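Inspection log for the structure reproduced underneath, given as structure tokens.
All values reported here derive from a predicted model rather than from experimental measurement. In what follows, every chain begins at residue 1, and chains take the letters A, B, ... in the order their sequences are listed.
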Amino acid sequence: MAKNLLIVESPAKAKTINKYLGKDFHVLASYGHVRDLVPKEGAVDPDRHFQMNYEVIDRNEKHVDAIAKAAKVADSLYLATDLDREGEAISWHIAEILKQRKLLEGKTLHRVVFSEITPRAIKEAVAHPRQLSMDLVNAQQARRALDYLVGFNLSPVLWRKVQRGLSAGRVQSPALRMIAEREEEIEAFKAREYWTIEADCAHPDTRFKARLLKLRGKKFEQFDLTNEADAMAARSALERSAQGRLVVANIESKERKRRPAPPFTTSTLQQEAARKLGFSTSRTMKIAQGLYEGVALGDEGVVGLITYMRTDAVHLSAEAIHELRDVIAKDYGPQALPEAPHYYRNKSKNAQEAHEAIRPTSALHRPRAVAAYLNDEQRKLYELIWKRAVACQMQHATLNTVSVDLDAGGDSLFRASGTTVVDPGFLAVYEEGRDAKNAEDDDEGRKLPKMEIGEAVPLAAIDADQHFTEPPPRYSEASLVKALEEYGIGRPSTYASIIQVLLNREYVTLDSRRFRPTDVGRAVAKFLSGHFTQYVDYDFTAKLEDELDAVSRGEEDWVPLLEKFWKPFKATVDEKSETVDRSEATGARELGIDPKSGKPVQVRLGRYGPFAQIGSKDDEDKPTFASLRPGQSMHTITLAEALELFKLPRKLGQTDDGEEITVGVGRFGPFVKHGSMYASLKPEDDPYTIELPRALELVREKAELIANRIIKDFGNGIQVLNGRYGPYISDGDKNARIPKDKEPRELTEAECVELLAAAPNRPKRGGRFGKKAPAKAAKTARSTKAPAADAPKKAAVKKAPAKKAAAKKTAAKKAPAKKAAARKTAAKKTPG
DNA sequence: CAGTGAGCGAGCTTCCGCTTGACTT
């Protein structure tokens, strides 16, 4: 048995390191954190020096046990978790657990760290162990406690003031704020008209266009021409003074270098994969995880193709640079190889740099060579990572920009620019994508004809074009991640899940891959930034990081740090809970007066979302209510649109048997009702205009569906049914899958009873509390165990209803037609 | 599963950051 036990966080890492260290070492993975605060109230006690109540994370219990078992027979323990704050804490927690289980007696415990997975780095680390840094651990505990205190105190305020089940946190709330504030900017934006003037030059060699640079002795600026009359006048004047030609007044040629982008971090990988491959952040991470864990490469066996994908570091190991340079010289020639390697340093302040940048584990695994073993998405992502890493060590590109000034007479000038590549350098392999095009991009690759000063260039036409400034764009997943990283909010391992939280809470929706805040999202963002300003400030995390750094350097103590935060925070929570009015917090609006009743019309945010209301609860007769339609927002709805909502339900007519047919909008969208049967409208149907024949058709379809749903009915509640995922058995309470080799139609009652008994227990719906999916259920499910073994049943019972409801919610949401986005078309450029 | 929204107040929700698998109605 191995004498030494070494613990790392990731099992893939454990596998690799095992190979490097040989027989004397047994390498195990902790699978991330092993202990965490109990996920309920009172996990941190501010009254008792912020004492923290930890427990082993359920899903990692088996890994902890494996570590404990191996520790028992080992002589020495090496805790080799990541070298950052979180990694130090994991090591400490493992040590604490082992101490509690009395497994450390008579053993030596070492802390070792490395920031790259190479044989050299690992051996070096093992040769130079150190002790656990309690300062670093305490910095982590402070971070953990603060996040808990913010989240578990702010969220309940939202439950009381806005809506049940909502959440707030140090990271998610500023992220939401960004999206909500961008929406306000867009709504407040007033498009400005401006005109550009271009000369269309008919040079005998090449036709080209030139932008107006100077008009009647004055430098031409964006808003110098803001209406058609002025633009036309300017154009005519230019036409008159130019007299059919422009004279070359000046030629400037400038050479400049372009340097390759640094190798990928999590954030830049997510951005570039979105730009170039159209991947979502979670897609990118999933594919990268697969490449990291390993791919079967024929004779070579299973090989991890990339280094760790959750990193904020841009540095590369010496070995990696060496190999990249070899490949560059071999594949692209010695002139593509700079004399010295390029070293990159991190710009983001909160970087913890526990890993290398994301790179191929070996540059020798060229994309073309491994392509056969990868699926489509893996191939694309690997190629991107490989090229970026190779390019970052290549020669810079040399570009030449030629600018020609053309005199139009009357002290007016046009300028044409063209940029050509003198030496492509790294551009031969890879160039980073861009989010927004600018004028310079248009010039790129454009080659102007050879001209000389004094030469007259024939003028084909002078064009004046109308433009409108455009509002700032809504955030995409990638641009949100970029913004978060710039503020130091969130970590590489959480970028994708932050987005998931905002979506799960229904704070935002993705529309054409851009974030739009919902009414609830806007209400929460506004409430928090208005009443808890400093805690959802974009700089809150950065300031916290400074303090945590001081703690980790041993200059400050973590308890006073928390004390300093907690007192004013708690006071604010208490005060706001008392004083803030609920309808103010939810952003209620008065729209005007209903002409029919003379009563005021309001939009408010209720338990089930935004709704319009005519009259108030103090009136003699009760107010009437109507939910807003999908796509409508309480921030933008008009009185007329709101009144329209009250036209439902409509009576369409009667069937022969005297049953009434009505159409209305319910929780699950527009529907036709016939007796007690409801049939959903299709996306192309409009509840306001639908007529009787179409409604009857929908009713008939629904009846048919119900008839076909039942494959077999045994009369005792047990049925064989047709569902979304194919046929299944149900006793009304519990469902069972049908084995592949069984024909559903031929199942006997006894077989069904047996299958139902064998099926896993599924509790009934969680009733009215099942509306939202807790982020945790989707993400970590910490409180859930397999119902087997010693797990308390309660945990499983708790989780399932929420998950079920969440699935339904999304399914129901797909049904209504997407509102066609009305877009302005004329705008081409934005100022600044 | 299908028209709720106030208020009464059972019991309930919620954070961030480390890591990988599990499985539908």
Given [options], the nucleotide with the shortest approach to the side chain of [X]:
{"X": "A:P11", "options": "B:dG5, B:dT19, B:dA2", "answer": "B:dT19"}
{"X": "A:Y728", "options": "B:dT25, B:dC18, B:dG21", "answer": "B:dT25"}
{"X": "A:R164", "options": "B:dT20, B:dG11, B:dC18", "answer": "B:dG11"}
{"X": "A:H355", "options": "B:dC16, B:dT19, B:dT20", "answer": "B:dT19"}
{"X": "A:H33", "options": "B:dT14, B:dT20, B:dG17", "answer": "B:dG17"}
{"X": "A:Y148", "options": "B:dT20, B:dC15, B:dG17", "answer": "B:dC15"}
{"X": "A:R143", "options": "B:dT25, B:dC16, B:dG5", "answer": "B:dC16"}
{"X": "A:D84", "options": "B:dC18, B:dA2, B:dG21", "answer": "B:dC18"}
{"X": "A:S10", "options": "B:dT13, B:dG17, B:dT19", "answer": "B:dT19"}

Touch check for [X], heavy atoms < 4.0 angstrom, all strands: base, sugar-phosphate only, or nothing?
{"X": "A:G169", "result": "sugar-phosphate"}
{"X": "A:G87", "result": "nothing"}
{"X": "A:V171", "result": "sugar-phosphate"}
{"X": "A:S680", "result": "base"}
{"X": "A:A89", "result": "nothing"}
{"X": "A:Y292", "result": "sugar-phosphate"}
{"X": "A:F646", "result": "nothing"}
{"X": "A:Q172", "result": "sugar-phosphate"}

| query | Can you give the dot-bracket line for DNA chain B, where a pair is Watson-Crick or G-U wobble with both atom distances under 3.5 Å, crossing pairs use [ ], and | marks a partner on another strand? | reply | .........................

OP1, OP2 of [N] versus side-chain N and O of [X]: anything below 4.0 Å?
{"X": "A:R160", "N": "B:dT14", "value": "no"}
{"X": "A:T494", "N": "B:dC16", "value": "no"}
{"X": "A:R491", "N": "B:dC18", "value": "yes"}
{"X": "A:R170", "N": "B:dG17", "value": "yes"}
{"X": "A:Q140", "N": "B:dG17", "value": "no"}
{"X": "A:R505", "N": "B:dC15", "value": "yes"}
{"X": "A:R144", "N": "B:dC18", "value": "no"}
{"X": "A:S155", "N": "B:dC15", "value": "no"}
{"X": "A:R59", "N": "B:dT20", "value": "no"}

What is the distance from [atom1] of [X] to [atom2] of [N], rounded to the nearest Å?
{"X": "A:I90", "N": "B:dC16", "atom1": "CD1", "atom2": "P", "answer": "18 Å"}
{"X": "A:K286", "N": "B:dA22", "atom1": "NZ", "atom2": "C1'", "answer": "11 Å"}
{"X": "A:L146", "N": "B:dG17", "atom1": "CG", "atom2": "P", "answer": "11 Å"}
{"X": "A:L502", "N": "B:dC16", "atom1": "CG", "atom2": "C1'", "answer": "13 Å"}
{"X": "A:I94", "N": "B:dT19", "atom1": "CD1", "atom2": "P", "answer": "12 Å"}
{"X": "A:N53", "N": "B:dC15", "atom1": "CG", "atom2": "C1'", "answer": "16 Å"}
{"X": "A:L176", "N": "B:dC15", "atom1": "CG", "atom2": "P", "answer": "13 Å"}
{"X": "A:H93", "N": "B:dC18", "atom1": "NE2", "atom2": "P", "answer": "13 Å"}

| said: Tell me if a side-chain donor or acceptor on A:R604 pairs with a main-chain N or O of A:R589 at a distance below 3.5 Å. | reply: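 Such a contact is absent between A:R604 side chain and A:R589 backbone.
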
| said: Using only atom types and a distance under 3.5 Å, with no angle test, would you say the side chain of A:S552 pairs donor to acceptor with the backbone of A:D549? | reply: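 Yes, the answer is positive, given that a donor and an acceptor are paired below the 3.5 Å cut-off.
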
| request: Could you tell me whether A:K599 and A:D594 make a salt bridge, using a distance below 4.0 angstrom between a side-chain N and a carboxylate O? | output: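 Between A:D594 and A:K599 there is no salt bridge, as every charged N stays at least 4.0 Å from the carboxylate O atoms.
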
| request: Determine, for A:E545 against A:R85, whether the closest basic-nitrogen to carboxylate-oxygen distance falls under 4.0 angstrom. | output: yes

| request: Measure the distance between the ring centre of A:Y31 and the centre of the six-membered base ring of B:dC18, then answer whether it is under 5.5 Å with planes under 30°. | output: no

| message | Distance check, C1' atoms only: B:dT13 and B:dG9, in whole angstrom units. | response | 16 Å

| task | Using side-chain hydrogen bond (donor to acceptor under 3.5 Å, both in side chains) as the criterion, list what pairs up with A:D519, not counting sequence neighbours. | result |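 Counting only residues at least two positions away or on another chain, A:D519 forms a side-chain hydrogen bond (donor to acceptor under 3.5 Å, both in side chains) with A:S633, A:H635.
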
| When the nearest nucleotide of DNA chain B is assigned to A:S627 and to A:I738 on a heavy-atom basis, which residue is associated with the more 5' position? | A:S627

| said: Between A:N153 and A:M309, which residue's closest nucleotide on DNA chain B lies nearer the 5′ terminus? | reply: A:N153

| Just one of A:R143, A:R491, A:R144 clears the side chain to side chain donor-acceptor pair (under 3.5 Å) bar with A:E86, so which one? |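 Going through A:R143, A:R491, A:R144 one by one, the side chain to side chain donor-acceptor pair (under 3.5 Å) with A:E86 is satisfied by A:R143 alone.
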
Under the ring pair (Phe, Tyr, Trp, His ring centres under 6.0 Å) rule, collect the residues that match up with [X], sequence neighbours excluded.
{"X": "A:H33", "answer": "none"}
{"X": "A:Y308", "answer": "A:Y292, A:H355"}
{"X": "A:F569", "answer": "A:Y535, A:F565"}

| query | A:T281: what forms a side chain to side chain contact (heavy atoms under 4.5 Å, CB included) with it, not counting sequence neighbours? | reply | A:Q270, A:E477, A:V481, A:A496, A:I499

| field | Trace of the salt bridge (Lys or Arg N to Asp or Glu O under 4.0 Å) decision for A:R310 with A:D82 | value | CA-CA 12 Å; A:R310 292 187 271 265; A:D82 294 351; over 6 Å; no

